[in-house]
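Values below: every heavy atom of this structure, side chains too, minus hydrogens, waters and symmetry copies. The chains referred to below are lettered A, B, ... by the order of the sequence lines, with proteins before strands, and numbering in each begins at 1. Note that this is a predicted model, so its numbers are computed, not measured.
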Amino acid sequence: MNNIKINTLKLLTIILICILSSCDTFDSHKHLIGRYYFNHTKFGKCICFKVDDNDNYVELIDGALNLIGYDNNYIIVERNKHEFFIIPVFKGMNYFPEKGILGPLNSKDFNERKRILKIKADFSIDTN
Amino acid sequence: MANVAAQMTKEFFTGTGQSTRIFYNDMVAKALQHSRGANAARTFFYNKYKNITDLTHATVTHFDAGFGIRGLISAGLNPIEQFAGNFKVNMWVDGTNLFFAVHNITSSQSLTYDLGPNWERSDHQTMGNTEQWYIWSEPINRPGYEQY
């Protein structure tokens, strides 16, 4: 009887472990443009670059993201009212997708860079 | 290793034990060495630097290894791989070895498919966030680069 109880406990534990890990199967990935995604996982929110067809990514910007926008050439991110990022969009596979990312910028610098780079994107996605 | 995974699971639900665990070059850490996520990170690292001879300063950071249904199946009966699910990987080179640092977070938010809240243990012990680091090293193995 004790062995049955112990084995039942072990089985329940394994099932619990599988439940805990299976939750990762339902992480959300919102496609932005090209290989760029807004992901929301147990680690929090991030702008990520997809590196293969097996749901593997490189994180570019993480943290409590607020607003996102994009056009064909840039992704813009508001982390909060004082921190903004500009991410250049690489069209194909790139092993250094973090190159060229600007930020964190304050609001004034962000708007100036947006003007200089002729970024057409507006903040169209509210991640909250 | 099943005991370790079971212990970490119990500690998560009961809010006991260490909130941060580090496994360094032991059997638990190396249980992830050939996981789907670690293999993907390794492939990415070697492809990233395939045209670079000197890997001294080579790194991969914030590699977000997916899990999904395929990961669930691939992990099979590996309790550490099942427990970790998806994880983040950082990699760097030291001498002739490639180091992996895998970071996993266990939280109630992930338990509720990211719909629920999560909290630190300092706020509420039971089911408060816990984290693990699994760190191991392996010889650099790049075909065509025999000096490594």
Side-chain angles (χ1 to χ4, degrees), chain A residues 6-30 35-65 85 87 90 92-99 101 127-128, chain B residues 2-3 5-10 12-13 36-37 39-41 43-51 60-75 77-89 103-116 118 129 131:
Chain A
I6 289 169
N7 288 334
T8 305
L9 259 172
K10 282 183 183 173
L11 182 63
L12 279 173
T13 304
I14 289 171
I15 291 171
L16 265 174
I17 291 171
C18 286
I19 290 172
L20 263 181
S21 68
S22 72
C23 306
D24 293 344
T25 69
F26 296 93
D27 294 335
S28 72
H29 308 284
K30 179 179 172 56
R35 287 179 171 265
Y36 295 82
Y37 288 75
F38 166 66
N39 289 351
H40 195 181
T41 68
K42 61 186 176 183
F43 294 99
K45 303 176 188 175
C46 68
I47 304 293
C48 295
F49 183 86
K50 193 169 188 182
V51 300
D52 57 26
D53 293 328
N54 292 313
D55 278 336
N56 295 305
Y57 300 82
V58 167
E59 287 188 1
L60 301 176
I61 307 288
D62 64 0
L65 306 183
F85 295 86
I87 304 169
F90 293 103
M93 178 57 194
N94 192 306
Y95 288 96
F96 298 87
E98 67 280 1
K99 272 199 173 162
I101 292 178
T127 68
N128 295 309
Chain B
N3 287 344
Q7 181 69 19
M8 291 195 290
T9 303
K10 177 192 155 202
F12 169 73
F13 279 105
R36 205 159 163 270
N39 287 342
T43 298
F44 181 83
F45 176 88
Y46 285 129
N47 283 335
K48 181 176 179 179
Y49 293 101
K50 67 181 177 187
N51 296 322
V60 165
T61 59
H62 299 97
F63 186 93
D64 202 337
F67 193 64
I69 301 288
R70 282 185 279 188
L72 191 69
I73 296 169
S74 160
L77 296 177
N78 183 326
I80 301 300
E81 203 174 331
Q82 288 286 4
F83 182 86
N86 71 336
F87 48 72
K88 287 193 195 180
V89 189
H103 184 217
N104 178 53
I105 292 177
T106 308
S107 73
S108 61
Q109 179 176 353
S110 62
L111 193 64
T112 54
Y113 307 130
D114 276 338
L115 297 175
N118 74 85
N129 296 343
E131 63 175 345

| field | Closest non-hydrogen atom pair, Ala40(B) against Asp52(A) | value | CB-OD2, 4.3 Å
| query | For Asn56(A) and Ala65(B), which heavy atoms make the closest approach, and how far apart are they? | reply | OD1-CA, 3.4 Å
| query | What part of Thr43(B) lies closer than 4.5 angstrom to a heavy atom of chain A: side chain, backbone, both or neither? | reply | neither
| request: Flag the pair Val51(A) / Phe63(B) as yes when at least one side-chain heavy-atom distance between them is below 4.5 Å, and no otherwise. | output: yes
| Once you round to the nearest 0.5 Å, how far does OH of Tyr95(A) lie from CG of Asn51(B)? | 10.5 Å
| field | Non-hydrogen side-chain atoms of Lys88(B) and Asp62(A) separated by less than 4.5 Å | value | yes
| Any idea which of Lys48(B), Arg36(B), Met8(B), Glu131(B) has the most non-hydrogen atom pairs under 4.5 angstrom with chain A? | Lys48(B)
| note | Closest non-hydrogen atoms of Val58(A) and Thr61(B), given as atom of the first, atom of the second and distance, are CG1-O, 4.2 Å
| said: Please classify the contact between Phe96(A) and chain B as side chain, backbone, both or neither, with a heavy-atom cut-off of under 4.5 Å. | reply: side chain
| task | Could you pull out the closest heavy-atom pair between Ala84(B) and Lys42(A), with the gap in Å? | result | O-NZ, 2.8 Å
